[in-house]
Amino acid sequence: MSEKGEHIVALTGAAKAYGAVRALAGVDIAVAPGECLGLVGHNGAGKSTLMNILAGTISSDSGAMEIHGAAVAGRYSVAAANQNGIRCVFQELSLCPNLTVAENAQIVHPSLKGIGWRKRAEALIVGKLDEIFPGHGVGGDDAVGDLSIGKRQMVEIARAFTVTDRPLHLVILDEPTSSLDAVTAGQLLRHIREAVAGGLSCILISHVLGEILDYADRIVVMKDGKVVAEKPATGFNRSSLVAAMGNVVQEARIEARLKAEKKRGETPVVVSAIPQKQPDGRALVAHKGEIIGLAGLASHGQTATLLEIYRAASKRQVRTQVDGPVALVAGDRQSDGIFHIWSIARNVGIRSLRSMVRYGLIDPSAERRMADEWRDRIKIKTPDMDDNILSLSGGNQQKALFARALGSDAAIVLMDDPMRGVDVGTKLEVYDLIRAEAERGRTFLWYTTEMDELNNCDHTYVFRSGRIVADLSRDELTEEKVLQSSFEETA
Amino acid sequence: MSLINRVVNPKFLRSALPAASFVILLTAIFYLQPRAMSYFGLNLMLQYAVPIALATIAQMFILTVNDLDLSIGPFVGLTASIGATLLADDPALGVLALVACIAAYGALGALVHWRNLPSIVVTLGMSFVWLGIAVLILPTPGGTAPAWIKALMGLKTPWVPFPIIAAAVIAVVVHIVLMRSSYGATLRGAGGNPRAIERAGWSLLKIKIVMYSAAGFFGVLAGLSLIGLTSAADAHIADRYTLYSIAGVILGGGEFVGGRVSPAGAVIGALTLTLTGSFLIFLKISPDWQIGAQGAILIIVLALRALIKRREA
């Protein structure tokens, strides 16, 4: 779009890995002055990592960075980003709830000090709010903690556009409209266009494709830590954008799909759940022996729905009915799953303690039997089930958590994206086990962010903003359809 | 908005609660013992409020950055011991020792941040270190306070007793620095959302060092003002101050996390705690029950605050 040297900022070959996970695998990206760059991609595509590198909050493992055509020498930091007029609006808000709106403006403008700084900070932030969001109703001395989430987001956005002693060149906005209503979102997007016309550059990250298509000059599509497409916005339409984000090549379907399809509804309903935010009566329904997929972008209400079902098993709920004992396989195994200082056997047996009690105490031989049985059935690779759980690899820890759920009396197993960071071999073993257990009449509710895993499911519900927006039978399921519903705009 | 609306507004109630509990307690004391309602009476009841208020402010600085200091009591004991020995005998050496104490506090802040240690554990450990050093300096109760400190603490101010003026000065000074200055806003922000402060380019390490050093400084002031009243020192003189200071901050409307503190509230909280002692004596409650009764008052005030908070939500 423009020659080298004319860029506000240019990254070449930026790479970043967290342990074995490659968040960014060599990305080239450049932003020209007076340009609004749209950045889209599925969860985990590397967008947030990329913007954190630009903002200086994390440093890349490799790659070169140029600002205003000059190579960045030494360590790039938040201070350096500020110095060069690069600001960021992070997805999780960066305001201090205990401070007032004006005080929060001071945090990013250290030059606001001395007598009367409060007045100046107030004039600065409220003036910008007036400019972007006329009729915002936010006062400079309101405590941020007392503001609604939408107003907080407005303050955060306005703050990013304020200028004191250093000129502003680039504002990066990560999902800026996620907490704004249609009116304020429109105000913001119009302001972005005005600012861009005035020579400012923006990077706009959004899951609302309409915003990107209508307001960005150029669109960069990311997938698996790489840039997979880059074109002027006019070169994309909604479906070509969705196609660019997903796997266009249809992957070979797992043989399970070829099996004779079960007729839905031949077995009794065991779970029926209406998500809290569902405006209509649309419910997630699971019949006995089914594997139900919960899809959509991360944290759009899938985990909340699973937890609601979990609660409903022990305490009656209005919107959710569950028929049978429930077990949960946690996704974040370090914090929600394993007991760090316990042995593998203990970790496996905890859900089934009640059946192992004799004379009011845990029967060690029963615990032993269960541990050994599941070591063989699920192939936990360990010389001794009495070893500490942390002696296992991540995949085997996860197997132990599956053993905990499958070895219990639960008729319904809830899985909260349990395959995060698990190697392919383990995954395939567990898929087989799940299908075998489903054949025997167990019901699985499986939240997953991986498309391939949905192919194991008999029926898939797609979530967006805490609601079920689509349900797809196994025949209807395609990656494109899931993406389409995940990104669809509410009219 | 009408006046009534403003008065029953939960936000107003919450900020008025510390002052209200103080006034109610004072009124109860005056009712039980009308003679307390005098210059002399107030002076007597409130004289120990000054060191407690200073220790409470020290604790408040630590609480502002979401930490907790379990060593402030023994630390005050140590500085009191230094004040009654080194400072009295050799002022230069004494000042040096006190400055070293403050520097040690700053270093603790750096350690807590750098190694990401729980402040409770670090300060609990340090409380024994402070006490040990204090016992080394002053094995048996004794020493003499420097004359100028005694003169300052025994000041006969016209009209209003000295402890009240001192408390007001402490509250105003700390309020200006922490609540009104621009750097004070950043310091409190580090309690509210440390990541946001870091992302804006501030150094959390520096902020922790500043806050811990400020706590050390006010701890030193507490120790010195205490020996100004007692004229001698004892390593164990301020052991109870740890809990007093935490209770004072919380009574004054501060919270354990989130950087929500109030210097004026903390000073009023310290005054309230000091008064409960006199109140219980006037009620003729035996000293054995006094600590329990103080706890009960604390629980009542905190319960009221929780009630107000529920209405706010």
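Residue numbers start from 1 in every chain, and the chains themselves are labelled A, B, ... in the order their sequence lines are given, proteins ahead of strands.
Contact check for A/His109 versus A/Gln106: no side-chain heavy atoms found under the 4.5 Å cut-off. Under the 4.5 Å side-chain criterion, counting only non-hydrogen atoms from C-beta, A/Ile338 is in contact with A/Leu390. Side-chain contact between A/Ile132 and A/Thr184 is absent, with no heavy atoms from C-beta onward closer than 4.5 Å.
Between A/Lys128 and A/Glu131 a salt bridge is recorded (basic side-chain N to carboxylate O distance below 4.0 Å).
Proximity of a side-chain donor or acceptor of A/Arg87 to a complementary backbone N or O of A/Ala81 within less than 3.5 Å is not detected. For A/Ser201 (side chain) and A/Val31 (main-chain N/O), no donor-acceptor pair under 3.5 Å exists by modelled atom type. Not a single donor-acceptor pair under 3.5 Å links the side chain of A/Thr49 to the backbone N or O of A/Leu24. In terms of modelled atom types and a separation under 3.5 Å, the side chain of A/Tyr76 and the main chain of A/Leu54 share a donor-acceptor contact. For A/Lys47 (side chain) and A/Gly41 (main-chain N/O), a donor-acceptor pair under 3.5 Å exists by modelled atom type.
Expressed to the nearest 0.5 Å, how far CD1 of A/Ile86 lies from CE of A/Met51 amounts to 11.5 Å. Rounding to the nearest 0.5 Å places CG of B/Leu273 at 10.0 Å from OG of B/Ser21. The distance from the OG atom of B/Ser119 to the CG atom of B/Asp69 is 8.0 Å, given to the nearest 0.5 Å.
Ring planes of A/Phe339 and A/Trp342: parallel class, angle under 30° (limits at 30 and 60°).
In this structure, the portion of A/Leu112 lying under 4.5 Å from any heavy atom of chain B is its backbone and not its side chain. With a 4.5 angstrom heavy-atom cutoff, B/Arg260 touches chain A via backbone and side-chain atoms both.
Residues of residues 295-303 of chain B never come within less than 4.5 angstrom of chain A, heavy atom to heavy atom. Using a 4.5 Å cut-off between non-hydrogen atoms, the part of residues 95-105 of chain A that approaches chain B consists of A/Leu95, A/Cys96, A/Pro97, A/Asn98, A/Leu99, A/Glu103. At a heavy-atom cut-off of under 4.5 Å, chain A is reached by no residue from residues 55-67 of chain B. Residues of residues 196-212 of chain B lying under 4.5 angstrom from chain A, judged on non-hydrogen atoms, are B/Ala196, B/Ile197, B/Glu198, B/Arg199, B/Ala200, B/Gly201, B/Trp202 in numerical order.
Residue B/Phe217 qualifies as open at atom CZ: its count of foreign heavy atoms under 6.0 Å is 12 or below. Taking a 6.0 Å sphere around CZ of A/Arg311, one finds it holds more than 12 heavy atoms contributed by other residues, nucleotides or ligands.
With chain A as the partner, the residue from B/Gly189, B/Gly184, B/Pro194 showing the most heavy-atom pairs under 4.5 Å is B/Gly189.
A donor-acceptor pair shorter than 3.5 Å cannot be found between the side chains of B/Tyr105 and B/Thr123. At a cut-off of 3.5 Å, with distance as the only test, no side-chain donor of A/His169 or A/Asn84 sits close to an acceptor on the other residue.
The ring of A/Phe133 has its center no closer than 6.0 angstrom to the ring center of A/His191.
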